[in-house]
Amino acid sequence: MSLPNVSAKTFSLSAIIVGYLLIDDLTANEQNALGNWLMLTAQVLCTNAFYKQVQQERGEAASHTISNEEGIRLLKKMVDALNEEIEQLKAKY
């Protein structure tokens, strides 16, 4: 995926427009949930980009430091935790 080749102001304005378009179609709780989700997504992107910059400054390779098996194990734990959370929410509601 690549970002559009537009000015910074146009890029920022597009986010404002999308935000305003979503306001009327969502309840206050839905707006809050979506806003929190988008902020978390943004934090993940910022954290990843910053860490890549740190690695570059250190002269380290941008390669992953965990093995495929470790990564798969970690992802399975995350999926299990998410499934457990989903089941708890289903039982609650």
Y20, L26: one ILVMFWY side-chain cluster at the under-4.5 Å cut-off?
no
From CG (L34) to CE (M39), nearest 0.5 Å:
10.0 Å
Side chain N32, main chain A28, donor-acceptor under 3.5 Å:
no
With a 4.5 Å limit on heavy-atom distance, are the side chains of Q31 and L22 in contact?
no
What I'd like to find out is whether the side chain of E30 reaches to under 4.5 Å of the side chain of T27, using heavy atoms alone.
yes
Under the 3.5 angstrom rule, does the side chain of T47 hit a backbone N or O of Q43 as a donor-acceptor pair?
yes
CG of L75 to NZ of K77, rounded to nearest 0.5 Å, is 11.5 Å
I'd like to know if L13 and L21 are part of one continuous hydrophobic network [Ile/Leu/Val/Met/Phe/Trp/Tyr, side-chain heavy atoms within less than 4.5 Å].
yes
Side chain S14, main chain F11, donor-acceptor under 3.5 Å:
yes
If you group Ile, Leu, Val, Met, Phe, Trp and Tyr by side-chain heavy-atom gaps below 4.5 Å, do L45 and L40 land in one group?
no
Using the rule that two of Ile, Leu, Val, Met, Phe, Trp, Tyr join whenever any of their side-chain heavy atoms come within less than 4.5 Å, decide whether V44 and M78 are in one cluster.
no
CA sep, side-chain torsions, deciding dist, call: E70, L74, side chain to side chain contact (heavy atoms under 4.5 Å, CB included)
CA-CA 6 Å; E70 290 173 40; L74 179 62; over 6 Å; no
Separation between CD of Q53 and CG of N48, rounded to the nearest 0.5 Å
10.5 Å
With the 4.5 Å side-chain cut-off for hydrophobic clustering, are I23 and I16 part of the same group?
yes
Calculate, to the nearest 0.5 Å, the distance between atoms CG and CD belonging to N83 and Q88 respectively.
11.5 Å
